[in-house]
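Counting from 1, the numbers follow the sequence of the chain as shown.
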Amino acid sequence: MEDYLSMDANSQKLSGKNKVCLASMLGTACLVGCAVVLWPVPVARAPIELLNKDTVGGPGSPLAKQVVVGMDTVVLKHIEWNNWPAWSKIMEPFWTKDFVYDFCYVGPWNFGPTVGLRGWFEGEHMHFNEAIPDSQWEDFIRASTNQTCTSATYGLARWSGEFAGVPPPAGSPKVIIRDLDFYQVDGDKISYNWCLIDVVDLFEQVGYNVLPQAPMKSDGYRAPNAMDGMPAPLSSMFTAEDAAKSEKVWLAALHEDFDKEHGFASLWAEDMIWYGPGGVGTAHSRNEYVNHFLRPLRTGFSNLERKTDMVLCEGPYCGAHFYLWGDHTGEWMGEQPTGNRVPIRCGAHARIVDGKIVEGWLIIDIPRAFQAMGVDFYARARAIALTASR
């Protein structure tokens, strides 16, 4: 009882009207020889209404974000990943019956965009998970509207099986996979999923250097240098007006950088950081972005034409999935001009502050572009891998 007795002095300061006897809560047996300790009566409080309902994807999440995060939970936890009957039953509520899954070019795996759950399961899903099993994915951007959603992600894994005919080095080395997705949602189901990984960067991590040395050192594929949520943005912190302001800047930047003959990236901050694709590297200024990415692109291709599949913004975060079609009339990524009309598939993200892009991320489907040039990217990588293993 010494602990309770030590409280007696403070308890005497309480008014009689708002006191109860703590001893009575301890039972009548402890009233003998015990000081009476009084405690304030709790005051009833009115219930507090939440400003935003907590939903899948975080408070305030648009519908498409809720749908995609619900689906992605199955992917992230690898639930029944190699059991078609069980996996398809879990996945079915999130997708339209004839949805399209559009992965990057994977040559020897011999599949393009697949249709429906079975097509995806037998295409990208099983091929990728057998080559690089148990990948642990970390989303760092997930921007959304009610009908569109995009994410920028990296995966941590060990490469242990052939990827599009290219064997991994011995010992199943650790790799970091750069990944992005764009989703079209019809009603409350996903009808189209564009997905890209940076194959060039993946191969370079293990010494399979198919391309010449990049003009800039790579700093990886990092999360935004901001406290906007993880993944960013936390929807409840931003408004439709915020998204509209960002989209205006983003659309203007896409037009200037890719549609004009001589764009100089005027919508980018001078001290921006841009996480460019494998083969290009990371730009730490607007000048580096122009000199090491935009100008070589214009040198390598003439008559560039952009065909855009999706543009969206949420808060200060924007994304775009698009193709640049160009005539290969100059050297690009070490390849001499072929004159071929080449598709350059791109997935881009940006963070915009005060009307300027301060951070950017880009993945290019370089194996697809090489295929259109008549170059077998995966055959080259396989030859390098087999030579290294001898």
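- Atom-to-atom distance recorded for I366:CD1 and C104:SG is 11.5 Å, nearest 0.5 angstrom.
- R142 and S144 form no side-chain donor-acceptor contact under 3.5 Å, judged by distance and modelled atom types alone.
- Using the six-membered ring where Trp is involved, H125 and W120 have ring planes that are perpendicular, over 60° apart on the 30 and 60° scheme.
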> Is there a side-chain contact (heavy atoms from CB on, under 4.5 Å) between L196 and F182 once you walk through the steps?
Replying inline: CA-CA 9 Å; L196 284 174; F182 286 82; over 6 Å; no
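- The shortest side-chain heavy-atom distance between V200 and V210 does not fall under the 4.5 Å cut-off.
- Residue F322 is not grouped with residue L312 when hydrophobic side chains (ILVMFWY) are merged at heavy-atom distances under 4.5 angstrom, including chains of intermediate members.
- Using a 4.5 Å heavy-atom threshold, the side chains of M333 and F370 count as touching.
- Distance check, rounded to the nearest 0.5 Å: CD of E288 to CG of L294 gives 13.0 Å.
- Atoms OG1 and CG, from T153 and D179 in turn, are 5.0 Å apart once rounded to the nearest 0.5 Å.
- Under the 4.5 Å side-chain criterion, counting only non-hydrogen atoms from C-beta, F377 is not in contact with Q371.
- The shortest distance between side-chain heavy atoms of K89 and E80 does not fall below 4.5 Å.
- For F264, the ring pair (Phe, Tyr, Trp, His ring centres under 6.0 Å) test picks out no residue, with sequence neighbours left out.
- A donor-acceptor contact shorter than 3.5 Å is absent between the side chain of R306 and the backbone of D259.
- Under a cut-off of 6.0 angstrom, the local environment of CD in E261 is sparse, with at most 12 non-hydrogen atoms contributed by other residues, nucleotides or ligands.
- Y183 has its ring centre no less than 6.0 Å from the ring centre of H321.
- Heavy atoms only, all atoms of each residue included: Y323 and P343 are closest at CD2-CB, 4.0 Å.
- A distance below 2.5 Å between sulfur gamma atoms is met by C318 and C313.
- Counted within 6.0 Å of NZ on K189, heavy atoms from surrounding residues, nucleotides or ligands total more than 12; the atom is thus considered enclosed.
- Within the structure, the side chain to side chain donor-acceptor pair (under 3.5 Å) test picks out no pair touching residues 104-113 (sequence neighbours left out).
- Aromatic rings from F238 and Y317 are positioned such that their centres are separated by 6.0 Å or more.
- For the 3.5 Å distance criterion, the side chains of S191 and D186 qualify, holding a donor opposite an acceptor.
- Nearest heavy-atom pair, T239 versus D242, reported as atom, atom and distance to 0.1 Å: N-OD2, 2.9 Å.
- Between E359 and R222, no side-chain nitrogen of the basic residue sits less than 4.0 Å from a carboxylate oxygen of the acidic one, so the salt-bridge criterion is not met.
- The hydrophobic cluster containing F258 does not contain I363, counting ILVMFWY residues as joined when their side-chain heavy atoms lie under 4.5 angstrom apart, directly or transitively.
- How far CH2 of W137 is from CG of D139: 9.5 Å, rounded to the nearest 0.5 Å.
- Remark: the D257 side chain and the W268 side chain contain an N/O donor-acceptor pair separated by less than 3.5 Å.
- With sequence neighbours left out, W159 forms a ring pair (Phe, Tyr, Trp, His ring centres under 6.0 Å) with F203, Y208.
- Side-chain N/O atoms of E314 and S235 include a donor and acceptor closer than 3.5 Å.
- Here the side chains of I132 and L202 are in contact, with some heavy-atom distance below 4.5 Å.
- Ring orientation note: the planes of W361 and F140 are tilted relative to one another, at an angle of 30° to 60°.
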Could you walk me through whether M126 and W81 satisfy the side-chain contact (heavy atoms from CB on, under 4.5 Å) test, starting with their C-alpha distance in whole Å, then the side-chain angles of each, then the deciding distance to 0.1 Å, before giving a yes or no? CA-CA 8 Å; M126 287 303 298; W81 71 274; 3.8 Å; yes
Show your reasoning for whether salt bridge (Lys or Arg N to Asp or Glu O under 4.0 Å) applies to R286 and E256. CA-CA 14 Å; R286 185 177 68 85; E256 180 177 350; over 6 Å; no
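- Here the OG-NE2 distance, from S285 to H292, works out to 8.0 Å after rounding to the nearest 0.5 Å.
- Two residues are said to be in side-chain contact when any heavy atoms from C-beta on lie closer than 4.5 Å; R298 and L304 meet this criterion.
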Can you list the steps and then say if D134 with H78 is a side-chain contact (heavy atoms from CB on, under 4.5 Å)? CA-CA 7 Å; D134 198 30; H78 306 283; 3.5 Å; yes
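- Follow the hydrophobic side-chain contacts under 4.5 Å out from V280 and you reach Y289 in the same cluster.
- Y221 and F293 sit in two unconnected hydrophobic clusters of ILVMFWY residues. Membership requires side-chain heavy atoms under 4.5 Å apart, directly or through other members.
- Side-chain atoms of I357 and W274, non-hydrogen and from C-beta on, never get closer than 4.5 Å to each other.
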key: Residue pair H284, M216: steps toward the side-chain contact (heavy atoms from CB on, under 4.5 Å) verdict   = CA-CA 9 Å; H284 289 270; M216 300 180 289; over 6 Å; no
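- Each of V185 and I141 belongs to its own hydrophobic cluster when Ile, Leu, Val, Met, Phe, Trp and Tyr are linked at side-chain heavy-atom distances under 4.5 angstrom.
- Other residues, nucleotides and ligands contribute over 12 non-hydrogen atoms within 6.0 Å of the CD atom of Q136.
- There is no side-chain donor-acceptor pair under 3.5 Å between E305 and N303.
- Distance CG/L297 to CH2/W332: 7.0 Å, rounded to 0.5 Å.
- With 3.5 Å as the limit, one finds no donor-acceptor pair spanning the side chains of Y192 and D309.
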